[in-house]
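Counting convention: from 1, in listed order, for ligands and their atoms alike. The model shown is predicted, which means the values in this text are computed figures rather than measured ones.
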Amino acid sequence: MSRPWTSTDRARCDEIVEGLTRPRPMISAKYLYDERGSRLFEAITRLPEYYVTRVEQSVMQRHAESIVASIGADCVVIEPGAGNCEKARSLCLRLQAREFVGVDISAEHLQEAVQRMSAYMPWLRARAVAGDFTRGMELPSDLPLERRLVFYPGSSIGNFEPDQVVALLSHMRALLGPGANRAGLLIGIDLPKPVHVLQAAYDDAAGITAAFNRNILEHVNRIIGSDFDPAHWKHRAIFNAQHSRVEMHLVALRPQQVRWPGGGRMFATGERIHTENSYKYALGDFVSLLAKAGFQQHRHWCDEQDWFAVIHAW
Ligand code: AVI
C-alpha cells in the first residue's frame, strides 16, 4: 500500500510544476539529492577534476592548529545538511568537541553516521536531528547554549541565491544562541578561479556530473508522476561571468512532449532546464554578506592558489 499523500508532497509537486512551466524552465537544485543523487554527489567529490572537496580538506589540514585556536575549546558543533558527517568527524576530533548535532532532511543515514562518530569518539555526545534548516528547525531543547559552532563546509552556501544568503547566515547565527560565548560559524567558500578549471569540475570526463544532473529527471518523475526520459537530455555546465556562478542545465536533444498528471509541456530541441547555480564569491563580497547577517569579525584561511577559503566568523 502506498503511503498517504501529504501537504508536503503537494507543495513539492506545485513547486516543481511551477518551475517546469516557466518560459525559462527550472528545477530546484535540492531535487538533485535523492538516494542515487546523493551517491553520485559523493562520487563527484572524489573526481580528479572536482577540486572543491580536496582543496577544502587541504586547507583544513594545513591550518588545523590555527583554526582550532581561533574557535577555542569545549564547543558544541552543529552541522546543517550533515550527510555522512565525514568532515564534522575530523573537525570534532581536532576540536575535542563536547557535543555534535547533525541536521539533515534524511535522518536515516544521518543516524548511522552519528552512531559511527560516537563509537569513534566516546567522549562526544553526538545526535541526529531530522529537519531542513532553510525552513527553520528545532535543536534538542537540552543542547547547551554556550560555545555553539555552526559548521557549514563544502561551499554549499554557493548553491543558494545571493538574496537568500543573508537570511540563511542570519538563521545560522540565531542557532548559535544568545550571548558573547558563541564559538561562531565555520564555513567553506569556493572562490573565483580560471574558467577552464570550473568547466572541468562541473563537466568531468567520466560523465559523473552529467549522470548526477540527469538523475534529477528520474527524481522529478517519481515526485510528480511525469514521463521525462533522461536519455533525451544532455548535461551542460556554463560559467556565467556576470553572476560569477557555474550553471547546470539539461538541454533537450530532440523535440519532446513531457506529461504529468493534470498537465505537461512541449520541449523543443535545444531548450534548456536550469537545474543548479554554484556561486563563486570573492572573499570580500562574502565577508560583506557575513557582516549583513551580524557576523562582525572573521578570520580566514586559503590554499596557495586562493581557490577556496575556510572562514571562521563570529
Ligand atoms: C553541493 N555543492 C556545493 C556542489 C557544488 O559544487 O556546487 C554541488 C555540485 N554540483 C555539481 N557538482 C557538484
Side-chain angles (χ1 to χ4, degrees), residues 26-60 79-88 102-106 109-110 132-134 151-162 164-165 168-169 172 186-217 219 230 233-240 243-251 272-281 286 303 307-311:
M26 59 83 66
I27 303 170
S28 166
K30 67 184 172 212
Y31 297 110
L32 289 165
Y33 301 93
D34 63 349
E35 179 99 31
R36 178 162 180 261
S38 301
R39 268 190 281 116
L40 285 166
F41 177 64
E42 284 202 19
I44 288 173
T45 65
R46 293 189 289 270
L47 287 169
E49 297 98 325
Y50 193 73
Y51 60 86
V52 176
T53 315
R54 202 176 50 251
V55 177
E56 181 180 48
Q57 210 175 358
S58 78
V59 173
M60 293 285 285
E79 186 181 12
N84 63 14
C85 302
E86 232 170 74
K87 294 174 187 173
V103 183
D104 216 318
I105 295 171
S106 147
H109 295 288
L110 183 60
D132 178 355
F133 84 102
T134 64
F151 180 45
Y152 201 55
S155 80
S156 298
I157 197 79
N159 295 130
F160 294 94
E161 291 307 300
Q164 301 175 288
V165 167
L168 283 172
L169 292 173
M172 291 180 192
L186 188 68
I187 189 163
I189 303 298
D190 196 17
L191 304 171
K193 56 187 59 61
V195 174
H196 71 271
V197 177
L198 292 170
Q199 198 67 53
Y202 290 83
D203 195 2
D204 61 279
I208 308 293
T209 311
F212 172 65
N213 195 9
R214 270 197 295 268
N215 179 65
I216 203 170
L217 298 178
H219 192 196
W233 295 82
K234 183 178 158 37
H235 164 68
R236 191 146 177 237
I238 307 163
F239 180 66
N240 180 330
H243 294 290
S244 190
R245 69 188 189 202
V246 178
E247 299 176 359
M248 291 207 311
H249 297 263
L250 289 165
V251 185
R272 295 192 281 194
I273 304 177
H274 191 163
T275 52
E276 189 189 59
N277 287 326
S278 189
Y279 285 86
K280 311 302 167 190
Y281 287 100
F286 196 77
D303 57 294
W307 279 8
F308 198 93
V310 173
I311 306 179

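Annotation for K30: atom NZ counts as buried by contact number, over 12 foreign heavy atoms lying within 6.0 Å.
Between K87 and E79 there is no salt bridge, since no side-chain nitrogen of the basic residue lies less than 4.0 Å from a carboxylate oxygen of the acidic one.
Partners of N277 under the side chain to side chain donor-acceptor pair (under 3.5 Å) rule, at least two apart in sequence or in another chain, are E161, R245, H274. In this structure, the side chain to side chain donor-acceptor pair (under 3.5 Å) partners of D204, at least two apart in sequence or on a different chain, are T209. For D34, the side chain to side chain contact (heavy atoms under 4.5 Å, CB included) partners at least two apart in sequence or on another chain are R36, N215, H219, R222.
A side-chain N or O of T275 and one of N213 form a donor-acceptor pair less than 3.5 Å apart.
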Contact table, ligand 1 N/O with protein N/O, distance under 3.5 Å:
from, atom 1, to, atom 2, distance (Å)
ligand 1, 2 (N), N159, OD1, 2.8
ligand 1, 6 (O), Y50, OH, 2.5
ligand 1, 6 (O), Y202, OH, 2.5
ligand 1, 7 (O), N159, ND2, 2.9
ligand 1, 7 (O), S278, OG, 2.7
ligand 1, 10 (N), E276, OE1, 2.8
ligand 1, 10 (N), E276, OE2, 3.3

